[in-house]
Amino acid sequence: MTRADVNAFVLAGGASTRMRCDKAFITFRGQTLLESALQLARGVTDTVRIVGAREKFQPYGVVIEDEFSGHGPLAGIHAALRTSTAELNLMLALDTPLLQPRFLQHLVERAAASQAIVTVPLVTDAAEGEARLHPLCAVYRRAFALIAERALRDDRNRIDALFPQVETLLIERKEIEQLGFSVEMFRNLNSLEDLHALEEEMRGAQAAGTSQRPKFVVK
């Protein structure tokens, strides 16, 4: 597998309701969330596109617009897969800037080595035992476009509800941690409060002068 065998898409079409401003242009660690997501995607492939409003995002790269407007991230995945030039397609949200390029490369490699239509992290909270899929940090084969389109036409917009219909490879917490990553990298910045809390934690870790990296920063 080479970089040319993969397309990557940054899903930037969300309403950002909880953020109370356009999430794509919020700054974190000296970059906008859009810039951070694009940089992550370019760590995997040279073919990176933005899924969102062309008028807003055209200055930042090639833009794909939803065919099913108002149907959330599933519509973005569908639009991406319909335009993809590769069998393997990495989908990334804007709001997980702690993701690591090396993990995304591993995710793509696992997808390439399998016949799974979807390759997706499944992280179980160690304390609460609650399992959570991360469909906006996942690899989809183009065949998923047909499944997505049928659901969208029926006004069914949940992404993970479609996974039982296709072969799905789960990348679980044990595998993630054995590779040296922390599941904190899946932390979402859904609101300004989330952003400020993370920034405060990072400042606190720096001020403490500890030689140990804070838990939310991974190798």
Side-chain angles (χ1 to χ4, degrees), residues 1-14 23-24 31-52 57 60-67 72-123 132-149 159-160 162-163 166-173 175-176 179 181 183 185-189 218:
M1 185 193 70
T2 69
R3 290 172 61 89
D5 296 321
V6 184
N7 283 185
F9 296 87
V10 174
L11 304 178
K23 185 182 292 187
Q31 288 184 308
T32 65
L33 294 183
L34 176 61
E35 290 169 337
S36 177
L38 290 172
Q39 183 176 329
L40 282 168
R42 289 173 183 140
V44 174
T45 177
D46 299 322
T47 306
V48 178
R49 301 184 179 99
I50 302 166
V51 182
F57 296 114
Y60 305 95
V62 177
V63 180
I64 307 300
E65 294 189 312
D66 292 352
E67 295 180 36
L74 181 61
I77 292 171
H78 169 263
L81 295 176
R82 285 289 300 272
T83 61
S84 176
T85 59
E87 182 62 21
L88 300 174
N89 299 277
L90 174 67
M91 303 293 166
L92 288 177
L94 286 169
D95 58 5
T96 48
L98 298 181
L99 284 170
Q100 299 294 298
R102 191 166 63 85
F103 172 74
L104 297 179
Q105 185 63 46
H106 175 74
L107 192 67
V108 170
E109 289 171 356
R110 293 282 273 121
S114 77
Q115 296 301 311
I117 300 298
V118 180
T119 301
V120 58
L122 173 68
V123 176
R132 183 184 176 191
L133 289 160
H134 292 274
L136 302 186
C137 172
V139 178
Y140 296 79
R141 292 183 182 268
R142 282 183 289 189
F144 192 78
L146 180 59
I147 304 296
E149 183 163 334
I159 302 168
D160 57 356
L162 304 180
F163 291 169
V166 298
E167 184 177 346
T168 300
L169 173 62
L170 302 177
I171 307 300
E172 300 192 47
R173 181 178 186 133
E175 178 177 345
I176 293 167
L179 291 166
F181 297 106
V183 295
M185 69 179 165
F186 296 107
R187 185 165 171 173
N188 293 94
L189 301 182
V218 296

dist Glu65:CD -> Ile50:CD1 (nearest 0.5 Å) comes out at 11.5 Å
Is Val10 close to Tyr60 at the side-chain level, that is, under 4.5 Å between some pair of heavy atoms? no
Rounded to the nearest 0.5 Å, the CD atom of Gln105 sits from the CG atom of Leu40 at a distance of 12.5 Å
Margin query: Is any side-chain heavy atom of His134 closer than 4.5 Å to one of Thr96?
Written below: no
Exercise. Regarding Thr45 and Asn7, is there a side-chain donor-to-acceptor distance under 3.5 Å anywhere?
Worked result: no
Checklist entry - Are Leu170 and Leu133 side-chain neighbours, meaning at least one heavy-atom pair lies under 4.5 Å? => result yes
Note: Ala143 and Ile117 closest approach over all heavy atoms is CB-CD1, 4.0 Å
Q. Given side chains that start at C-beta, do those of Phe186 and Ile176 come closer than 4.5 Å, heavy atoms only?
A. yes
Shortest non-hydrogen pair, Met91 vs Ala80, comes out as CE-CB, 3.5 Å
Looking only at heavy atoms, the pair that brings Ala24 and Phe57 closest together is CB-CE2, 3.7 Å
Beyond-backbone contact of Val166 with Arg141, side-chain heavy atoms, under 4.5 angstrom:
no
Between Cys137 and Phe103 the two heavy atoms that sit nearest each other are SG-CE2, 4.1 Å
Looking only at heavy atoms, the pair that brings Ile159 and Pro135 closest together is CG2-CB, 3.7 Å
Side chain proximity check, Arg132 to Val123, heavy atoms < 4.5 angstrom: no
With sequence neighbours left out, the residues meeting side chain to side chain contact (heavy atoms under 4.5 Å, CB included) with Thr83 are Phe9, Ile64
Per side-chain contact (heavy atoms from CB on, under 4.5 Å), Leu92 is matched among Val48, Leu136, Leu104 by Leu104
Minimum side-chain heavy-atom gap Arg102-His106 below 4.5 Å = no
*Do Asp95 side-chain atoms and Asn188 backbone N/O form a donor-acceptor pair below 3.5 Å?*
no
| field | Side-chain (Arg142) to main-chain (Ala86) donor-acceptor, under 3.5 angstrom | value | yes
Of all heavy-atom pairs linking Pro97 and Leu189, the shortest is CG-CD1, 3.6 Å
Report the C-alpha distance between Arg49 and Thr85 in whole Å, list the side-chain angles of each, state the deciding distance to 0.1 Å, and finish with yes or no for side-chain contact (heavy atoms from CB on, under 4.5 Å). CA-CA 11 Å; Arg49 301 184 179 99; Thr85 59; 4.0 Å; yes
Rounded to the nearest 0.5 Å, the CD atom of Glu149 sits from the CG atom of Leu74 at a distance of 10.5 Å
Within the structure provided, determine whether Ser84 and Thr47 are in side-chain contact (heavy-atom separation under 4.5 Å).
no
One should read off an interatomic distance between Leu169 CG and Ile171 CD1, to the nearest 0.5 angstrom, of 4.0 Å
Here the gap from Glu175 atom CD to Arg110 atom CZ, rounded to the nearest 0.5 Å, amounts to 4.0 Å
For Phe163, the ring pair (Phe, Tyr, Trp, His ring centres under 6.0 Å) test, sequence neighbours excluded, returns none
Rounded to the nearest 0.5 angstrom, the CD-CG distance for Glu35 and Leu94 is 11.5 Å
Residues pairing under salt bridge (Lys or Arg N to Asp or Glu O under 4.0 Å) where one sits in residues 37-48, two or more places apart or in two chains, turn out to be Arg3-Asp46
